[in-house]
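Letters go in sequence order (proteins before strands), and every chain restarts at 1. Please read all numbers here as calculations on a predicted model, not as lab measurements.
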Number of protein chains: 2
Amino acid sequence: MKFTPDDFAKELKSKNIRLSHQRLKVLEYLSEHKCHPTVDQIYTNLLKEIPTLSKTTVYSTLGALADAGMVKAINIEDNEIRYDITVEDHGHFKCESCGAIYDFPADMAHLESEVLSGFKIRDKNVYFKGTCPMCLANKN
Amino acid sequence: MKFTPDDFAKELKSKNIRLSHQRLKVLEYLSEHKCHPTVDQIYTNLLKEIPTLSKTTVYSTLGALADAGMVKAINIEDNEIRYDITVEDHGHFKCESCGAIYDFPADMAHLESEVLSGFKIRDKNVYFKGTCPMCLANKN
DNA sequence: ATACAAAGTTGTAATGATTACAATATAATA
DNA sequence: TATTATATTGTAATCATTACAACTTTGTAT
């Protein structure tokens, strides 16, 4: 709940992205659902508010927002893209039992090896997988 | 060329994975091509040696080898799985210009946050994207 | 306010990687 | 060598994502 629609509108304008109802709603959804939703989850939920919404729009909107650096695509699974409105560097942990994705602080700067000197780094991702404490407890 | 077919055979046996010509060839291919090939690349190239090879076999073989920890799946792109025979922790950098994937040392232990205490971590991935030195040079 | 051009949205159809499945073949074991 | 479990194969299905053309909306200048 950090942002109001007005904040989003200003940020879109500052990045030269046109304002549209759909884009605002996608941003609003992501800011209210920081559980790293899939494209389909975003689409299905917004459909209740925007009955004419097309999934193509959701894809293109998320692509445009990601290009502008306003959201971040998460490819922790190979069969679906998820999106995160938190663009500051952090790691993602996916519980293979319940499917939940957890954020954790990750010192990305520390990862930069001298092997990458001369490389232009545009995007950094840290993905861990395993079992979360809740699922570990349920097994016993 | 670190491994001979015999080495692979022993490792498969020790992990209770049945020996097959296809599995040995997939392992051999990965050990000779450390460029992180896609499933399709592995399939297409092995087809020359094994004309009856099925892509389903390549998928199931890679899945079994990955489950056994003998190879590692790389999901740096959302539209294709790549495989790496180097299973020791390291980071991957994908050049968005030429598509090449580079390895780099990554201190994964340093990434473990206290936020993840109580989590069972089974798999760690570090994916960077950007432009490699060669492509940066070619732009000028 | 109105009109225009550029860009966004929509719906449908195509793409392409991955998986499901049933028949056949092979590997491990007795 | 026979038996049984498992692997391989080929085809068809699945499903996320993209391509595309028609229509709508936005931003801007008149």
It should be established whether Gln22(A) places a side-chain nitrogen or oxygen under 4.0 Å from OP1 or OP2 of nucleotide dT10(C). yes
How would you label the contact of Thr57(A) with the nucleic acid (heavy atoms, under 4.0 Å): base, sugar-phosphate, or nothing? base
Measure up the Phe119(A) and Tyr102(B) rings against each other and bin them: parallel (under 30°), tilted (30 to 60°), perpendicular (over 60°). perpendicular
Need to verify one output field. Residue with the more 5' nearest nucleotide on DNA chain C, Asp40(B) or His21(A)? His21(A)
Base, sugar-phosphate or nothing for Thr38(A)? Non-hydrogen atoms, less than 4.0 Å. nothing
To the side chain of Arg18(A), which of dA6(C), dT9(C), dT8(D) is closest? dA6(C)
Quick one: does Leu24(A)'s side chain get under 4.5 Å of Leu12(A)'s, heavy atoms only? yes
In whole angstroms, how far is the P atom of dC15(D) from the CG atom of Asp78(A)? 15 Å
Taking the side chain of Lys55(A) as heavy atoms from C-beta outward, which of dT9(C), dT17(D), dT8(D) is closest to it? dT17(D)
Please check the phosphate of dT8(D) (OP1 and OP2 only) for any side-chain N or O of Ser20(B) closer than 4.0 Å. yes
Quick check on Lys15(A): does its NZ atom have over 12 non-hydrogen neighbours (other residues, nucleotides or ligands) under 6.0 Å away? yes
Taking CG from Asp67(A) and P from dG8(C), how many angstroms apart are they, rounded to a whole number? 12 Å
Compare the minimum distances between each of dT10(C), dT8(D), dG8(C) and the side chain of Ser54(A), then state the nucleotide with the smallest one. dT10(C)
Tyr59(A) has a side chain; which of dT8(D), dT18(D), dT26(D) sits nearest to it? dT18(D)
At less than 3.5 Å, do the side-chain atoms of Thr56(B) and the base atoms of dA20(C) form a donor-acceptor pair? yes
Quick one: Asn16(A) CG to dA7(C) C1', roughly how many Å, whole number? 13 Å
Would you please classify the geometry between the His36(A) ring and the His90(A) ring as parallel, tilted or perpendicular, with 30° and 60° separating the classes? tilted
Closer than 4.0 Å, any side-chain N/O of Arg23(B) to the OP1 or OP2 of dA27(C)? no
